[in-house]
Amino acid sequence: MTVRITKAFAFDAAHYLPNVPPEHKCGRLHGHGYRVVLGLEGPLDPALGWVQDYGDITAAFRPLLERFDHARLNDLPGLENPTAELLAAYIHRELKPVLPLLTDVTVCESPTSTAVYRP
Ligand SMILES: [Zn+2]
């Protein structure tokens with residue numbers, strides 16, 4: 001039996017998009033209340049009845065949470081152009097080695113703007 005689970009996190013951060021046209025509002029420094037949803041999929045552990053302990057996912061994401069929260073994302077190596085899409089790919093790249101069941105990363109910049117990275 002294979003099950004998909006998700007775990008969500010929230011943080012506040014600032015960014016600007018350096019490659020947009022000069023008149024584009026996203027070129028100015030601004031902040032978002034980001035929400036990140038990690039998707040994992042795998043077989044149920046027959047004894048425990050779960051795919052993975054949610055606590056393991058929280059522990060795996062904690063270093064990223066500390067890196068992102070109240071930071072200017074552009075200052076982080078690899079996030080010089082921190083669009084939601086590239087942030088989702090960055091998170092996937094950082095977490096896949098420690099969360100092998102990770103299948104997708106969703107980054108919500110606002111209640112209406114979301115990027116889903118699913119390589
Ligand atoms: Zn923005």
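None of the values given here were measured: they were computed from a predicted structure. Counting convention: from 1, in listed order, for ligands and their atoms alike.
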* Distance, nearest 0.5 Å, that separates OG1 of Thr58 from CG of Leu65 -> 9.5 Å

* So, does Glu94 use its side chain to make a donor-acceptor pair with the main chain of His92 at under 3.5 Å? -> no

* **ring pair (Phe, Tyr, Trp, His ring centres under 6.0 Å): pairs with one or both residues in residues 19-52, sequence neighbours excluded** => Phe11-Tyr34, His15-His30, His15-His32, His30-His32, His32-Tyr34

* Is the closest basic N to carboxylate O distance between Asp104 and Arg4 below 4.0 Å? -> yes

* Point-to-point distance, once rounded to the nearest 0.5 Å, from NZ of Lys96 to CG of Leu102 -> 5.5 Å

* Asked: Number of protein N/O/S atoms less than 2.8 Å from the Zn ion (ligand 1)?
  -> 3

* Structure fact -> Value for CG (Leu40) from OG1 (Thr103), rounded to nearest 0.5 Å, stands at 6.0 Å

